[in-house]
Amino acid sequence: MTISTALQNTDDLKKNWSEVQMKLKEIYGLDVYKSWIQNVEAKETKHNSLTLVVKTRFVRDWIVSHYADKILDFFQKLDNSVTRVQFEIHESFYGEKGNQTNIVDFATGSQVADSKDAGYAANRLDHRLTFSNFVVGESNQLAFSAAKRVSETLGHYNPLYVYGTVGLGKTHILNAIGNELKKTDKKIIYLSAERFMYQFVKSIKNKDTQKFKDVFRNVDVLILDDIQFISGKEVTQEEFFYTFNSLIENQSQVIISCDRPPNDLDRIQDRIKSRLAGGLVVDIQAPDIALRLQILKNRCKTEETYFGKEVLINDEILSFIANEFKSSIRDMLGVLNRIIASSRIQNKVPTLQDAKLILKDLLNNMQSVITIEDIQKLVVNYYNLPMSDFLSSRRSRHIARPRQVAMYLSKKLTTKSLPDIGRKFTGRDHTTVIHAIKKVEELMAADKKFEYEVQDISNKILKSN
Ligand code: ADP
Ligand code: MG
């Protein structure tokens, strides 16, 4: 697709919404996505307002208090006419679909499968997240050993509390424990704290809290992910505390993850905090470069076995990714996936330049941003022009053409808008920029030599960055 056709594409509500959903899934994880986001539909955008349709008041309230800001943020990036998000509650909007979907049993094996009667929707362990594919480095060594220990000897550390910022492997570790214990005859429940709350509140509404309690009190192992979400809600905290205490008293194993240490949980009662800290508290820190590289290499291997086809991503690209994406393993792996996917689609071994292009939008949010000024400088050098001529209003071809090339590359290699680009070219109008882009695309299609020239400049810019 050329840039000019892309520009002409009208905003597609469905497409935008599903893109926002994917973004939310990326940052909040699969649990949150499935519990709250997946079933929300976008109805319309009208009068600067995006209307979303949800099934119940409860879901609406939850989304409003937890995710509405992010939803608006993300949506605005795709459609900046929207300034508000509003909700409609349509119990029947989903038709029959709603009655059938999402009834997943609570537990991971048949042991607690009875809870299906309760109609609980819950999370399952992800069988792909195991100890054997968890790469150990200095930053996660403690958490890894503790988790292994617990899976070998239940109750050794109780509760086990694992904390660290988002994307560092908490959910992976928790699932690894669960998957290990699944091989035994232990009754396990794994779920996110949000789900726990959701189930609890629902059981209050349905007046079957007893069932809820029974389900939880009869397990050998309770694995609760992202406990930070429990803060604030008094009733659920009470229930959680109650469940938690009775489990520990029965010597059932409790494993918890959180984005911060127990003491930093605000709006959680002190007695709960001290209970949480009463077993072993371990943290996962940001991975160093060696660990990041190893995780990338392992992931390439996994992809190979999964697809039965070699993944042709060279070391140069892997170390580029490892160097650029430091703070979240999830983000880093997302980036790798994108490059792998793109090389599959294009059936091509990507070069570093290809990789940078594929990641253009991400890289532009980071330190190594390509600026319009960078592009202008390189183009001016390439054509050996004085910058003053280049930025002047002169229209003779030997100046105008390079200027058009620079505008074209500014659109292609940065995320700047057309008016922004125009402004950087001594206050030209955005229509001038559109004209330049079209012109360059036409010339490139008609003239191989010119196409090569533009490609060459583009590569030089990417390399210099
Ligand atoms: P968190 O729950 O802390 O936000 P996740 O457990 O979801 O993070 O990890 C994010 C992604 O990174 C997952 O795909 C996970 O499998 C992967 N990951 C994290 N740490 C490691 C590791 N040490 N080895 C292999 N993969 C990892
Ligand atoms: Mg997680």
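Order of listing sets the numbers, starting from 1, for every ligand and every atom in it. Computation of the quantities below employed the complete heavy-atom set of this structure, encompassing side-chain atoms and omitting hydrogens, waters and symmetry-equivalent molecules.
- The nearest heavy-atom contact from the protein to atom 23 (N) of ligand 1 is Val135 O, 2.7 Å.
- Note on Arg330 versus Glu26: no salt bridge recorded, every NZ/NE/NH1/NH2 to OD/OE distance being 4.0 Å or above.
- Atoms of ligand 1 found under 4.0 Å from any heavy atom of Arg299, numbered from 1 in the order shown, are 14 (O), 16 (O).
- In this structure, the protein non-hydrogen atom closest to atom 4 (O) of ligand 1 is Gly167 N, 2.6 Å.
- If you look at Asn133 next to ligand 1, the close heavy atoms, those under 4.0 Å, all belong to the backbone.
- Counting only heavy atoms of the protein, atom 16 (O) of ligand 1 lies nearest to His172 ND1, 2.7 Å.
- Counting heavy atoms closer than 4.0 Å to ligand 1, residue Leu129 contributes side-chain atoms (C-beta onward) but none from N, CA, C or O.
- If you check the side chains of Asp79 and Ser81, you find a donor sitting under 3.5 Å from an acceptor.
- Per-residue contacts place Phe134 under 4.0 angstrom from the following atoms of ligand 1 (heavy atoms of the residue considered): 20 (N), 21 (C), 22 (C), 23 (N), 24 (N).
- Looking at atom 8 (O) of ligand 1, its nearest protein heavy atom turns out to be Gly169 N, 3.0 Å.
- At a cut-off of 2.8 Å, Ser192 does not coordinate the Mg ion (ligand 2) through any N, O or S atom.
- The residue Ile284 has no part lying near ligand 1, judged by heavy-atom distances below 4.0 Å.
- For Glu238 and Arg271, the salt-bridge test passes: some basic side-chain N is under 4.0 Å from an acidic carboxylate O.
- Interface atoms of ligand 1 facing Leu333, defined by a heavy-atom separation under 4.0 Å, are 12 (O), 14 (O), 17 (C).
- No option in Lys301, Arg299, His172, Arg128 other than His172 meets the side-chain hydrogen bond (donor to acceptor under 3.5 Å, both in side chains) test with Asn133.
- Atom CD of Glu88 has more than 12 heavy atoms from other residues, nucleotides or ligands within 6.0 Å.
- Side-chain contact, Ser145 with Gln141: a donor N or O sits under 3.5 Å from an acceptor N or O.
- At a 3.5 angstrom cut-off on N or O pairs, Val136 does not count as close to ligand 1.
- Cation-pi contact between Lys170 and Tyr163: absent, since separation from the ring centre below 6.0 Å together with deviation from the ring axis within 45° is not met.
- Atom 19 (C) of ligand 1 is flagged as protein-proximal [any protein heavy atom, distance under 4.0 Å].
- Between the side chain of Gln253 and the main chain of Tyr157, a donor-acceptor pair closer than 3.5 Å is present.
- Residue, atom and distance of the protein heavy atom nearest to atom 12 (O) of ligand 1 are Ile329 CG2, 3.2 Å.
- Between the side chains of Ser257 and Asp225, at least one donor N or O lies within less than 3.5 Å of an accepting N or O.
- In this structure, Lys182 is not positioned above the aromatic face of Tyr190 in the sense of NZ or CZ being under 6.0 Å from the six-membered ring centre and within 45° of the axis.
- The contact set between ligand 1 and Val166, taken as ligand atoms under 4.0 Å from a residue heavy atom, comprises 4 (O).
- Residue contact check: Asn140 has heavy atoms under 4.0 Å from atoms 23 (N) of ligand 1.
- Classification of the Phe200-Phe196 ring pair by plane angle, with boundaries at 30° and 60°, yields parallel.
- When only non-hydrogen protein atoms are considered, atom 10 (C) of ligand 1 lies nearest to Arg330 CB, 3.6 Å.
- Heavy-atom contacts of Thr171 reach the following atoms of ligand 1: 1 (P), 2 (O), 6 (O), 7 (O) (cutoff under 4.0 Å).
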